[in-house]
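Working notes for the structure below.
Heavy-atom basis, side chains included; hydrogens, waters and symmetry copies ignored. Computed from a predicted model, the values in this text were never measured in an experiment. Residue numbering restarts at 1 for every chain, and letters A, B, ... go by the order of the sequence lines.
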Protein chains: 2
Amino acid sequence: MTSVETEPALSAVDTLVRELATLHPEIEVLRPSPETGPYGHDAATARSANEKLAPGGTAPDGPAVALPADAKQVQALVRTAAAHGVTVVPRGAGSGLSGGASAAANQLVLSTERLNRILEVSPLDEVAVVEPGVINAELNAHLQPHGLFYAPDPASFEISSIGGNIATNAGGLRCAKYGVTRESVLALDVVLADGSLITVGHRSIKGVTGLDLTSLIVGSEGTLGIVVRATVRLRPLPVARRTLSAFFAGTREGTAGLAAITLSPVRPAVIEFFDTPSLENIDDHSGTGLRQRGGALILIEIDGYGIDEQARDLSAALTAVGGHVTVETEEQAALLWELRRNGRGFPEGQWFIGEDIAVPKSQLPRVYEAFPALEARYGVRISAVSHAGDGNLHPVISREIGPDDDPAVPPATLAEAATELVRVALALGGTVTGEHGVGTIKREWAALELSERNLQAQQAIKDALDPEHLLNPGKAF
Amino acid sequence: MTSVETEPALSAVDTLVRELATLHPEIEVLRPSPETGPYGHDAATARSANEKLAPGGTAPDGPAVALPADAKQVQALVRTAAAHGVTVVPRGAGSGLSGGASAAANQLVLSTERLNRILEVSPLDEVAVVEPGVINAELNAHLQPHGLFYAPDPASFEISSIGGNIATNAGGLRCAKYGVTRESVLALDVVLADGSLITVGHRSIKGVTGLDLTSLIVGSEGTLGIVVRATVRLRPLPVARRTLSAFFAGTREGTAGLAAITLSPVRPAVIEFFDTPSLENIDDHSGTGLRQRGGALILIEIDGYGIDEQARDLSAALTAVGGHVTVETEEQAALLWELRRNGRGFPEGQWFIGEDIAVPKSQLPRVYEAFPALEARYGVRISAVSHAGDGNLHPVISREIGPDDDPAVPPATLAEAATELVRVALALGGTVTGEHGVGTIKREWAALELSERNLQAQQAIKDALDPEHLLNPGKAF
């Protein structure tokens, strides 16, 4: 978009900011400036934005930013923005991985960072009522003394907000047993595009009065409404937890081990699979010696009653298919989970693309088997850690930046390999995005997955609830 | 509706039936006649229809009925009906309890009874792919040899279809632990109002490409599309199951016992609560002696690993609050569950209304406490069995038919008491319908629960997906 094209819209934003200052001085609003730049990006788009910034170059203006402190302020912001034709980008903690919260200088970012109160914890109803800006980990820290927990645990749980988790229907490690975010969201207060505030859902687990608008809002990436309050389901902390590791000779043998878990009667809380290059990445980055223990790792957390019998049955199932199983000590378990989360570091000196494909879990071995041919064809390296219990892989497709390469210009083959891997997942009955959402980055891939009529239906629903396309236009579908 | 008003529409149905016979002779279609009468009602509306029929009177014409055998036939039926302006009522097994499948003589009922194939069971993906007419219990019988089960278990599981369960987002007894139907539906093939066929959802547990149309279709009572295929989630059969009974002195003491379960670390698969009059009803009808064991009963099924520790912890929790806890033998357990399902019989010689309210589970005691005042005020009797784990009550509000009463004319106070009880549930933060759906019968109550803007949003979505209101008009919202 050239500056000529954006100028009229920019002046609309300026007018909006001035009017908000007059009409709603109680709401903090930041005018577009280089300082608001970080509000224009999420974790996925920030890197490319930084790369495009020439050394010593002037940072461009970010979007206008509003920091409402209650639902009424959100309503006022939406109404005033609509009156000026300025589109609104809802924003949680900015930890998204698909560009869902990215915003241009002619838009108003509505940050939920001040809507961060835990309003209620009810042990007898097993619910918490929270504002969207509450950080996932903070909610769980708050629940700990009650002996309760909120199950959805995206890897970003220490930095991501409940509102952002809801917007993307975030997954995590514990989903196979405890479900994704949608299964833990019972009711929502939502500000619609016309500024009205509605309550959807129920404080009880059951409730079928009318269409399930709660589930429709969850995962809609801020395109249908802005969540200003959520009633979420809680669960009692398990009476016991234990970590098992199962090392296998190589990737192929390891993926075969996953089927053995499915065919066993045990349903672990977490099943993480590491292929050979992922173990090598960790050893390289963290100085560990995982590769000495094997060429693939299934890292498992079991929880609940009968923990010894669960460990016994699972060990037997995994040993029978060639796994070397260890019930880890608490200390060693903590180390292994930390390596899972942060052990690989960021690929340095490399171009890379991270993916979030998911396949029917029986097809996980087929995805890993597809890596070598793609590596050879596109001259890339592919490794993947998986949430194996739900068939969700996070492949990293990378290529070294050579001494003569311009780091800002990744080779086209990198993106081509990434798209080809998405096609592999789709051919296996899978999906483009298991838990990160479509945002801006995966819209082309989403079009490979969804039929035209399906996309039309989604667009019709968007048109029905937000006819002016005020909320987060150009995202999700 | 008078016959003068319906004649033009009836002739449209006749024309439609004739055209279908010409264009699609492969589809069995029944023309409106007294014989199709049963297709005009579900389990809720059949009774009142029969009561209205004068002895010896001629039965009125039922709706036209189509019995498609595959998705293509469903598409053809929807398109042809649309061309003739005849509205379509999707119908499962007709076991609904809210009038959701009721149909008039000027409508086309699209019965899914011949779409009854179990297309696939995949133990490695833990999914089954089924057509909508498959009966819930038949699916589970088919899964048993695989060591798997489909969790949603509405009390009608022996007669209700998966498609009907999906249409109402059916609940059941095991929902607190295993979720309602929505949590077990991964993907759907749906025929939309324009006759197009779309696939929504994923075969994997995770998948967030675009809006969650799967969840939107689940519970939409056939108003947004017709499900022709479903991919449902399966689970391994638990390694152990056990039934515990906890008898308490009376209803009040029993509801207090429910809180003790919530505060314990055990999460039973089933928690059914019987108040004093419910126990009396069972003893009267089934010749049992439950009242001798106590004045209220919490009937519990626990399952999974560590079954002895679970039983121990739960018994301790319930005993501490005055419960007389028995771990039941298998034989005795089977008898108790049979009494739960069928032990009360149908109230004979009485007018009655059955409800399906749900409240936040901490509020269950408040609902039971409200019964005596309502009984006194309206001259009715109220008893309720509850799915206590999710706050879902099924009150029966009844009144004896006296010798001078006309059975076809129930007193207005009966409906007034029922509405007042709905208001009690709503005042406690609850809902009009926990698992049966709104259908035709609960639309007025639904309007007490949902705000006007919420209903507008639902209507806008309906308009977006079915602009001509072809599919099941006048139902759900």
Side-chain angles (χ1 to χ4, degrees), chain A residues 122 124-125 168-169 171 175-176 180 183 196 198 200 202-213 215-216 219-220 236 239 259 262 265 305-306 309-310 358-362 390-392 429-435 437-438 446 449-451 453-454 457-458 460-461 463-465 476-477, chain B residues 122 124-125 168-169 171 175-176 180 183 196 198 200 202-213 215-216 219-220 236 239 259 262 265 305-306 309-310 358-362 390-392 429-435 437-438 446 449-451 453-454 457-458 460-461 463-465 476-477:
Chain A
S122 167
L124 282 176
D125 284 337
T168 53
N169 189 17
C175 299
V180 292
E183 270 89 72
S196 58
I198 63 170
V200 296
H202 305 91
R203 194 176 157 109
S204 51
I205 288 172
K206 284 182 185 168
V208 291
T209 316
L211 300 177
D212 186 355
L213 299 185
S215 294
L216 184 65
S220 65
V239 293
T262 301
Y305 279 91
E309 297 97 311
Q310 290 188 53
V359 293
K361 61 184 178 176
S362 69
D390 43 40
N392 184 199
T431 177
V432 162
T433 172
E435 58 184 11
V438 172
E449 176 178 339
L450 302 175
S451 72
R453 186 68 187 88
N454 184 320
Q458 301 200 28
I461 291 168
D463 293 346
L465 296 183
F477 53 84
Chain B
S122 167
L124 283 176
D125 284 338
T168 55
N169 189 15
C175 300
V180 293
E183 270 90 70
S196 58
I198 63 170
V200 297
H202 306 91
R203 194 177 159 110
S204 51
I205 289 172
K206 285 182 184 168
V208 291
T209 316
L211 300 175
D212 186 355
L213 299 185
S215 294
L216 184 65
S220 65
V239 292
T262 301
Y305 280 91
E309 297 98 309
Q310 290 189 51
V359 294
K361 61 184 180 176
S362 69
D390 43 39
N392 183 200
T431 176
V432 162
T433 174
E435 57 185 10
V438 172
E449 177 178 338
L450 302 175
S451 71
R453 186 66 186 90
N454 184 321
Q458 302 201 27
I461 291 169
D463 293 346
L465 297 183
F477 52 86

* To do: Any chance you could measure B/Lys206, atom NZ, to A/Thr431, atom OG1, to the nearest 0.5 Å?
  => 12.0 Å
* To do: Find the one option among A/Ser451, A/Ala259, A/Gly207 whose heavy-atom pairs under 4.5 Å with chain B are most numerous.
  => A/Gly207
* To do: Test side-chain contact (heavy atoms from CB on, under 4.5 Å) on A/Gln458 and A/Leu450 and set out the steps.
  => CA-CA 10 Å; A/Gln458 301 200 28; A/Leu450 302 175; 3.5 Å; yes
* Structure fact -> Applying a strict 4.5 Å limit to non-hydrogen atoms, the region of B/Ala476 in contact with chain A is backbone
* Among B/Ser362, B/Gly219, B/Ala464, who wins on heavy-atom pairs under 4.5 Å with chain A? -> B/Ser362
* Search all heavy atoms of A/Ser122 against all heavy atoms of A/Arg203 and return the closest pair with its distance. => CB-NH2, 3.4 Å
* To do: Check whether any side-chain N or O of B/Asp212 sits under 3.5 Å from a backbone N or O of A/Leu216 as a donor-acceptor pair, and report yes or no.
  => no
* **Proximal component of B/Tyr305, with respect to chain A [non-hydrogen, under 4.5 Å]** => both
* Out of A/Ala460, A/Gly429, A/Ser215, which one racks up the most heavy-atom pairs below 4.5 Å with chain B? -> A/Ser215
* Are B/Glu435 and B/Val180 side-chain neighbours, meaning at least one heavy-atom pair lies under 4.5 Å? -> no
* In terms of heavy-atom pairs under 4.5 Å, which option from B/Val200, B/Leu213, B/Asp463, B/Thr168 contacts chain A the most? -> B/Leu213
* Heavy-atom check, side chain of A/His202 versus side chain of A/Thr209, under 4.5 Å -> yes
* Check whether B/Asn454 gets within reach of chain A through its side chain, its backbone, both or neither, counting any heavy atom under 4.5 Å. => both
* **Atom group of B/Ser196 that falls short of 4.5 Å from chain A, counting heavy atoms** => side chain
* Give a yes or no answer on whether the side chain of A/Gln310 reaches the backbone of A/Pro265 with a donor-acceptor pair at less than 3.5 Å. => no
* Relative to chain A, which segment of B/Ile461 carries a heavy atom at a distance below 4.5 Å: side chain, backbone, both, or neither? -> both
* To do: Could you tell me which of A/Pro360, A/Ala358, A/Gly437 has the largest number of non-hydrogen atom pairs under 4.5 Å with chain B?
  => A/Pro360
* Structure fact -> In terms of heavy-atom contacts, A/Asp390 and A/Cys175 come closest through OD2-CB, 3.3 Å
* Interchain contact, B/Ile198 with chain A, by part (heavy-atom threshold 4.5 Å) -> side chain
* Structure fact -> With chain B, the option among A/Thr433, A/Asn392, A/Ile205 that has the most non-hydrogen atom pairs under 4.5 Å is A/Thr433
* Asked: Would you say B/Val208 and A/Val438 make side-chain contact, with heavy atoms under 4.5 Å?
  -> no
* Structure fact -> Applying a strict 4.5 Å limit to non-hydrogen atoms, the region of B/Leu211 in contact with chain A is both
